[in-house]
There are 2 protein chains.
Amino acid sequence: MSELADTFRALGDATRVRMLDALSHGERCVCDLAAALGLTESAVSHQLRLLRNMRLVRARRAGRLVFYALDDHHIMSLFQQARRHVQEPAMAHGGMVGQASPASGGGR
Amino acid sequence: MSELADTFRALGDATRVRMLDALSHGERCVCDLAAALGLTESAVSHQLRLLRNMRLVRARRAGRLVFYALDDHHIMSLFQQARRHVQEPAMAHGGMVGQASPASGGGR
DNA sequence: ACTACATATGAGTAGTTGCTCATATGTTCA
DNA sequence: TGAACATATGAGCAACTACTCATATGTAGT
């Protein structure tokens with residue numbers, strides 16, 4: 001159950017979302033990711049370790065470069081699903097509870 | 001783009017995941033949620049505000065009680081999708097890059 | 001109006017997180 | 001073997017988070 005939360009937490013960071021988005025177009029080495037995101041390679045590597053531990057990305061060495069790719073197909077589905085939520089119309093979502101008490105008559 | 005991350009971050013906490021899971025069985029008032037999760041009502045209320053701001057739950061007042069429910073159907077789909085990832089077989093997910101360099105000949 | 005209950009909210013705090021900097025490991029080429 | 005490059009990793013720190021406690025708001029009944 002909390003494994004679910006861990007997975008979501010791994011996705012709950014703008015940097016990591018951008019990394020995964022970049023990887024959705026194909027595998028990338030650490031230095032390219034760093035350049036694309038405007039971060040140090042160290043920062044990227046740290047985040048990649050986290051994503052690796054959560055099994056969201058997979059690494060493949062090619063010479064001195066290490067190419068990362070999305071680990072499984074569920075991840076992009078997850079993104080699409082979340083996007084659907086974000087782009088939801090957003091109807092009557094006022095700050096707080098408006099007025100709708102079926103159990104209580106007119107107040108006051 | 002970072003809105004996606006915000007949504008995932010809201011889901012990236014064991015307490016909130018448990019709350020949403022509880023709500024997946026139907027709407028609940030704050031006190032019932034608190035009792036079910038073994039938390040103070042204050043703690044629950046704080047988290048509910050966050051979930052409300054992220055439009056993950058919706059509130060409905062009934063007398064002095066406030067009933068919360070999942071805001072839209074995407075949320076459970078998101079859970080199911082994430083569960084699929086978590087329950088993935090978890091094949092050769094060693095700690096680090098094993099040995100697989102198609103671009104470089106036999107190593108060493 | 002007053003009390004009791006249910007919920008919301010602000011302030012404060014221990015624990016967590018995402019970066020930077022320094023350093024270690026791994027790989028290629030001379 | 002040694003220098004140069006690519007990546008990984010540990011320590012440390014500023015920013016953030018999830019709780020607790022105190023207090024405010026909202027509602028029902030007397």
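In the text below, chain A, chain B and the rest are named by the order of the sequence lines, each starting its count at 1. Computed from heavy atoms alone, side chains included, the values below leave out hydrogens, waters and symmetry copies.
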Distance check: side-chain N/O of [X] vs OP1/OP2 of [N], anything under 4.0 Å?
| X | N | answer |
| --- | --- | --- |
| B:S45 | C:dT7 | no |
| B:Y68 | C:dA8 | yes |
| A:R64 | C:dC29 | no |
| A:R18 | C:dG18 | no |
| B:R16 | D:dA18 | yes |
| B:T15 | D:dC19 | yes |

Roughly how many Å is it from [atom1] in [X] to [atom2] in [N], rounded to a whole number?
| X | N | atom1 | atom2 | result |
| --- | --- | --- | --- | --- |
| B:R9 | D:dA18 | CZ | C1' | 14 Å |
| A:L50 | C:dC19 | CG | C1' | 13 Å |
| B:R49 | D:dA18 | CZ | P | 13 Å |
| B:L39 | D:dC19 | CG | C1' | 9 Å |
| B:F8 | C:dG18 | CZ | P | 15 Å |
| A:H46 | C:dA24 | NE2 | P | 15 Å |
| B:E41 | D:dT25 | CD | C1' | 15 Å |
| B:Q47 | C:dA8 | CD | C1' | 14 Å |

Between the base of C:dC21 and the side chain of A:S42, is there a donor-acceptor distance below 3.5 Å? yes
Side-chain (B:S45) to main-chain (B:S42) donor-acceptor, under 3.5 angstrom: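 Side chain of B:S45 to backbone of B:S42: no pair is present.
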Main-chain N/O of B:Y68 paired to B:R28 side chain as donor or acceptor, under 3.5 Å: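 No, the answer is negative, given that no donor and acceptor are paired below the 3.5 Å cut-off.
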For the residue pair B:R84 / B:Q81, report whether a side-chain donor-acceptor contact shorter than 3.5 Å exists.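 Yes, because at least one side-chain N or O of B:Q81 sits under 3.5 Å from a partner of the opposite role on B:R84.
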Please work out whether the ring planes of A:F79 and B:F8 are parallel, tilted or perpendicular, with thresholds of 30° and 60°. tilted
Closer than 4.0 angstrom, basic N to acidic O: yes or no for B:D6 and B:R9?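 Judged by the 4.0 Å cut-off on N to carboxylate O distance, B:D6 and B:R9 do form a salt bridge.
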